[in-house]
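In what follows, chains are A, B, ... by sequence order, proteins preceding strands, each numbered from 1. The basis for the numbers below is simple: all heavy atoms, side chains too, and nothing from hydrogens, waters or symmetry mates.
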There are 2 protein chains.
Amino acid sequence: MTVQTRPEPADAAGLQLDAYLPYRLSVASNAVSRLIARAYEDRFGLTIPQWRLVCVLAEDGPMNQSALVSRTGMDKVTVSRAAQGLIKRHLLERSENDRDGRSHVVALSLEGVRLHAEIAPLALAYEAALISGLDPHEVALLKRLLLRLQGAAGVLAGEAPSPG
Amino acid sequence: MTVQTRPEPADAAGLQLDAYLPYRLSVASNAVSRLIARAYEDRFGLTIPQWRLVCVLAEDGPMNQSALVSRTGMDKVTVSRAAQGLIKRHLLERSENDRDGRSHVVALSLEGVRLHAEIAPLALAYEAALISGLDPHEVALLKRLLLRLQGAAGVLAGEAPSPG
DNA sequence: GCGAGATAGTATCAAACGCAACTATCTACC
DNA sequence: GGTAGATAGTTGCGTTTGATACTATCTCGC
């Protein structure tokens, strides 16, 4: 005598939204992104893409927009718009690239460097608050797994395997 | 004699975008979401919110929209629009709630149940492909950590602590 | 050097998102 | 029992997003 608790076909029984990794990933990411986006927007008037450009330029120095695209993984349209916004606020400066008339080199202005130095501690504080109570070893594993997932998704989507 | 490799203030030196958890999380989530969204959209004409409603209704049975909101964590507008789309395709059915004239009860139609049974194995296959090569123990930890992050983000954003 | 195709970046458009405002209904208190 | 405030759900609207198309420039082969 069998007990049938659900009117489900057997195939579907294995799927539970709460335990479904893409779901968990999306919900967690949205919650964190919303938090971070609000912080940057409210206090500094920066969008997430703008903040990413500032970070990368502060880390790696001046580069052109296509380098920013491959560095950040964002769409070239997103990068273009973010750069325009930052330039309008004089946080970024643009210079002609005499080796290639199509591309320009963008760099943080002095004000941009100052802003980055001001935001960075806040960004780190948010990260610290998010992972407080977690074993550092777990956090390292988490980051590694996220990279793996990103790579696997890229491969399944038909991209060339990521350089990670 | 000190060597200064970067023209950065000390505070900013600790921030590297690649190792920044919110960034890793967002990039991984976007990659996975894009993959999954394309699969559902191309093959079944479902958006992610629509698919989530189908899943929850298949798992938990009929409920009203505000229950769907708290169950999925999505915005009520998102739920409303997703439900409308599903109703238009006769995958969902709606009945009056005689106990409360404001709310309606939505339930999967027979066709909706069939669709869920058809998609569920595909969804599970995608998950399996994403985590292939990972230790099941690591995957379990990953899901737990994602829940923790979601909860921490909610708390930092001023929400009531999540029921997780 | 000149024409075909690749690449850098921008403009345009349609779809998705979420907030706020709105309607309709319910609850609670006097 | 009637009025104030809460709740269910929809609509409208401004913003953001990403795909596509476009301009300008570069590269390669001849």
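- The stretch residues 40-54 of chain B has no heavy atom under 4.0 Å from DNA chain C, so no residue of it qualifies as close.
- For B:Asn64, the side chain to side chain donor-acceptor pair (under 3.5 Å) test picks out B:Ser66, with sequence neighbours left out.
- The salt bridge (charged side-chain N to carboxylate O under 4.0 Å, His left out) check on B:Asp100 picks up B:Arg102, with sequence neighbours excluded.
- Regarding A:Ile87, its CD1 atom lies at a distance of 8 Å from the P atom of C:dT10, rounded to whole Å.
- A:Leu68 has its CG atom 11 Å from the P atom of C:dT10, to the nearest Å.
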Verdict with reasoning, A:Arg71 to A:Val79, per side-chain contact (heavy atoms from CB on, under 4.5 Å): CA-CA 11 Å; A:Arg71 182 69 172 76; A:Val79 169; over 6 Å; no
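- For C:dC19, the OP1/OP2 oxygens have no side-chain nitrogen or oxygen of A:Arg34 closer than 4.0 Å.
- Residue A:Asn64 contributes atom CG, which lies 14 Å from atom P of C:dT7 at whole-angstrom precision.
- With sequence neighbours left out, the side-chain contact (heavy atoms from CB on, under 4.5 Å) criterion links B:Ile87 to B:Leu92, B:Arg94.
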Produce the list of close N/O pairs, under 3.5 Å, pairing protein atoms with atoms of nucleotides 25-28 of chain C; give distances to one decimal.
unit_1, atom_1, unit_2, atom_2, d
C:dT25, O3', B:Gly101, N, 3.3
C:dC26, OP1, B:Gly101, N, 2.4

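- Within residues 71-81 of chain B, the residues that have a heavy atom under 4.0 Å from DNA chain C are, in order of number, B:Asp75, B:Val77, B:Thr78, B:Arg81.
- One can place CD of A:Glu96 at 15 Å from P of D:dA24, the figure rounded to the nearest angstrom.
- Taking 4.0 angstrom as the limit, A:Gln65 places a side-chain polar atom (N or O) nearer than this to OP1 or OP2 of C:dT10.
- A:Thr78 places no side-chain N or O within 3.5 Å of a backbone atom of A:Met74 that could act as its donor or acceptor partner.
- B:Asp42 is linked by a side-chain contact (heavy atoms from CB on, under 4.5 Å) to B:Arg38, counting only residues two or more places apart in sequence or in another chain.
- Contacts classified as ring-ring contact (aromatic ring centres under 6.0 Å, His included) and involving residues 72-91 of chain B (residues at least two apart or in different chains) are not found.
- Applying the salt bridge (charged side-chain N to carboxylate O under 4.0 Å, His left out) rule to A:Glu127 yields the partners A:Lys143; only residues at least two apart in sequence or on another chain are considered.
- Distances shorter than 4.0 Å separate none of the side-chain N or O atoms of A:Ser103 from OP1 or OP2 on D:dT25.
- Neither OP1 nor OP2 of C:dG9 sits under 4.0 Å from any side-chain N or O of A:Gln84.
- Legend: ring-ring contact (aromatic ring centres under 6.0 Å, His included) pairs involving residues 46-72 of chain B, not counting sequence neighbours, sorted by first then second residue: B:Tyr40-B:Trp51, B:Trp51-B:His116.
- Partners of A:Asn97 by side chain to side chain donor-acceptor pair (under 3.5 Å), not counting sequence neighbours, listed by chain and number: A:Ser103.
- A search for side chain to side chain donor-acceptor pair (under 3.5 Å) contacts involving A:Ser70 returns nothing, not counting sequence neighbours.
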